[in-house]
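Inspection log for the structure reproduced underneath, given as structure tokens.
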Amino acid sequence: MAATSMAAALAASLPAPQAAPTPSAPTYEAIPASMAKVIDIEGEIPITSVQLDAMVVSKIIKHAKEAPGSSAHGLLLGLDLDGTLEVSNSFPLPHHSNDEDDKSLKSVARYQGAMLRSLKEVQADDSVIGFYQGMTLGSFFNQTLVDTQAIHQEKLRHGGIVIVHDISQTARGNASFRAFRLTRAFLDAYKKSNFSATSLIDHRLTFSTILEEVPLKIRTNALVSSFLGTLSEATVPPAAATNPALATSSAAIPPSYSTLNLGLANTPRNLELIVEALDNYKTEEGNLAYLHRQIAREKAKADAYVAKRKEENASRVAAGLAPLPEEDVNRLFKIPPEPSRLESLLLLGRIDAYGKSLEETASTGLVKMYAAKGNTGN
């Protein structure tokens, strides 16, 4: 009892332990604008190639296979290093039937923000460096792709890239991935919203100079190679050890006989798309011709009015009268602006892509047909 009271007395005489000071939150000073370029050395190195991780390839192929039609699209994540844009991750974006709906656009933006926050919480790559888009038969020229890439090249650090994946090529056993970005000439015309005939001539724009291709290479790692090896390796069921009659091997990836396929299954659809694109181009050219005739009529009226006013002023001056004041012709005559030819450029690019796809498919099929005919004759 005495020992307990002595311990209590000693404890009471000791000073109270002080609480550990709470560490203050670190403060970061903003980098001055004059020093930003000096510190960000990588920002001055232009992008010359794109490196696509094998896991991203498998994700894009899976998404394109599950998505309806060629509506598969999503964001690419990674970083740039020594002029190479390394794509290390990706995630798909939801598809809506009406992309112009405000509610759909807001829901996509919320989903994108939530995904990026989640990736940042698990310390994964969350830097957007571009997007990917699924396509069919080599055609990816459309207004949505151009608008999205223009926004990326204005907002992102190195402008970003778009990777297009041809679903029809993958169905034939050839995984097709290509990286593109908009050219400087097209961006200059796009920022000015001027795609008139004069602007196209000044910028030397055609459908082939809208996008420039960036060299792309796929990087594989040991884990992906081992996984694909296990899928393609034949396995024997356990029951075969006791009963040899059941010894049938199976593999997760069945053997492919795509080399024996003539590859002509998509030819009718390809021809239909070419005819449809040609019809759309003819309709667009008809609309442009109508607008040009309307502009010519209004300009002719304005020129006739100016010529008439000059004659009246000349006659008044000869008669010793004061000339009539000159009026603004643009206010009197509503001359419409020259129409944009961007849609025509995109349609020409689509026709060219369909034609190249048909040429590749038909040439390969003809070679296989002649080879099969030669083997049959022997």
Side-chain angles (χ1 to χ4, degrees), residues 28 30 40 42-43 47 50-81 84-136 139-167 170 175-182 186-187 190-191 210-211 214 216 218-219 346:
Y28 304 97
D40 189 10
E42 293 289 340
I47 295 299
V50 177
Q51 180 176 284
L52 194 61
D53 192 84
M55 188 59 67
V56 179
V57 171
S58 61
K59 286 184 177 181
I60 295 176
I61 292 177
K62 181 176 182 294
H63 183 206
K65 185 178 181 180
E66 296 174 351
S70 58
S71 60
H73 67 287
L75 290 182
L76 302 173
L77 309 174
L79 50 87
D80 56 279
L81 182 63
T84 300
L85 203 60
E86 299 182 358
V87 184
S88 58
N89 199 0
S90 67
F91 65 87
L93 292 176
H95 171 68
H96 297 279
S97 57
N98 186 8
D99 293 335
E100 300 298 329
D101 189 6
D102 291 339
K103 293 179 65 177
S104 301
L105 295 176
K106 291 180 180 178
S107 64
V108 171
R110 286 195 299 268
Y111 175 80
Q112 176 179 332
M115 284 294 297
L116 293 176
R117 285 193 300 270
S118 301
L119 290 171
K120 188 175 183 179
E121 289 177 359
V122 298
Q123 298 182 357
D125 290 335
D126 62 333
S127 300
V128 179
I129 59 175
F131 70 103
Y132 67 87
Q133 176 69 50
M135 63 173 177
T136 304
S139 175
F140 54 91
F141 282 88
N142 56 69
Q143 188 70 42
T144 303
L145 184 141
V146 170
D147 293 339
T148 306
Q149 181 60 20
I151 294 173
H152 282 187
Q153 290 197 206
E154 181 182 359
K155 301 293 185 182
L156 298 183
R157 178 183 178 185
H158 277 294
I161 46 97
V162 52
I163 292 181
V164 293
H165 168 56
D166 196 339
I167 304 172
T170 304
S176 174
F177 290 89
R178 301 172 69 187
F180 293 94
R181 61 187 172 192
L182 297 175
F186 180 83
L187 275 178
Y190 184 87
K191 291 177 181 179
I210 295 178
L211 297 168
V214 184
L216 183 143
I218 298 177
R219 183 183 68 88
L346 296 177

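The analysis underlying the following values was restricted to heavy atoms, covering all of them including side chains, and did not include hydrogens, waters or symmetry mates.
Between the CG atom of Leu93 and the OH atom of Tyr132 there is a distance of 7.0 Å, given to the nearest 0.5 Å. With values rounded to the nearest 0.5 angstrom, Ile161 atom CD1 is found 9.0 Å from Phe131 atom CZ. Thr148 contributes atom OG1, which lies 9.5 Å from atom CD of Gln143 (distance to the nearest 0.5 angstrom). Between the CZ atom in Phe186 and the CZ atom in Arg181 there is a gap of 15.5 Å [rounded to 0.5 Å]. We find the CE-CG distance between Met135 and Asn142 to be 11.5 Å, quoted to the nearest 0.5 Å. For the atom pair OG of Ser90 and CG of Leu75, the computed distance is 9.0 Å after rounding to the nearest 0.5 Å.
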**OP:** Take Leu145 and Phe180 through the side chain to side chain contact (heavy atoms under 4.5 Å, CB included) test and state the conclusion after the steps.
**Re:** CA-CA 11 Å; Leu145 184 141; Phe180 293 94; over 6 Å; no
**OP:** Give the intermediate values and the outcome of side chain to side chain contact (heavy atoms under 4.5 Å, CB included) for residues Leu85 and Leu79.
**Re:** CA-CA 6 Å; Leu85 203 60; Leu79 50 87; over 6 Å; no
Subject >> Residues Leu77, Val87; criterion side chain to side chain contact (heavy atoms under 4.5 Å, CB included); working and verdict >> reply: CA-CA 6 Å; Leu77 309 174; Val87 184; over 6 Å; no
**OP:** Give the intermediate values and the outcome of side chain to side chain contact (heavy atoms under 4.5 Å, CB included) for residues Asp80 and Ile47.
**Re:** CA-CA 8 Å; Asp80 56 279; Ile47 295 299; 3.9 Å; yes
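Of the possible polar contacts, one joining the Gln149 side chain to the Gly160 backbone as a donor-acceptor pair under 3.5 Å is found. Side-chain N or O atoms of Gln51 include none that pairs as donor or acceptor with a backbone N or O of Ile218 at under 3.5 Å. In this structure, Ser58 contributes its side chain and Met55 its backbone to a donor-acceptor pair below 3.5 Å.
Two residues are said to be in side-chain contact when any heavy atoms from C-beta on lie closer than 4.5 Å; Val164 and Asp166 fail this criterion. Two residues are said to be in side-chain contact when any heavy atoms from C-beta on lie closer than 4.5 Å; Leu216 and Ile163 meet this criterion. Side-chain contact between Val57 and Leu52: present, with at least one pair of heavy atoms (C-beta onward) separated by less than 4.5 Å. Looking at Asn89 and Lys59, their side chains come closer than 4.5 Å, going by heavy atoms from C-beta outward. A heavy-atom distance below 4.5 Å is found between the side chains of Ile60 and Val56.
Within 6.0 Å of atom CD in Gln123, 12 or fewer heavy atoms from other residues, nucleotides or ligands are found, so the atom counts as exposed in its surroundings.
Sequence neighbours left out, the pairs with a member in residues 61-74 that pass salt bridge (charged side-chain N to carboxylate O under 4.0 Å, His left out) are Lys62-Glu66.
Using bins of under 30°, 30° to 60° and over 60° for the plane-to-plane angle, the ring pair Phe177/His165 lands in the parallel bin.
Residues Ala72 and Ala64 approach most closely at CB-CA, 3.7 Å, considering heavy atoms. The two residues Tyr111 and Pro92 make their nearest non-hydrogen contact at CE2-O, 3.3 Å.
With hydrogens and angles left out, the side-chain atoms of Ser88 and Asp125 include a donor and acceptor closer than 3.5 Å.
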Tabulate below the donor-acceptor pairs under 3.5 Å that side-chain atoms of residues 114-122 make, not counting sequence neighbours, or state none.
from: Ser118; atom 1: OG; to: Ala114; atom 2: O; distance (Å): 2.9

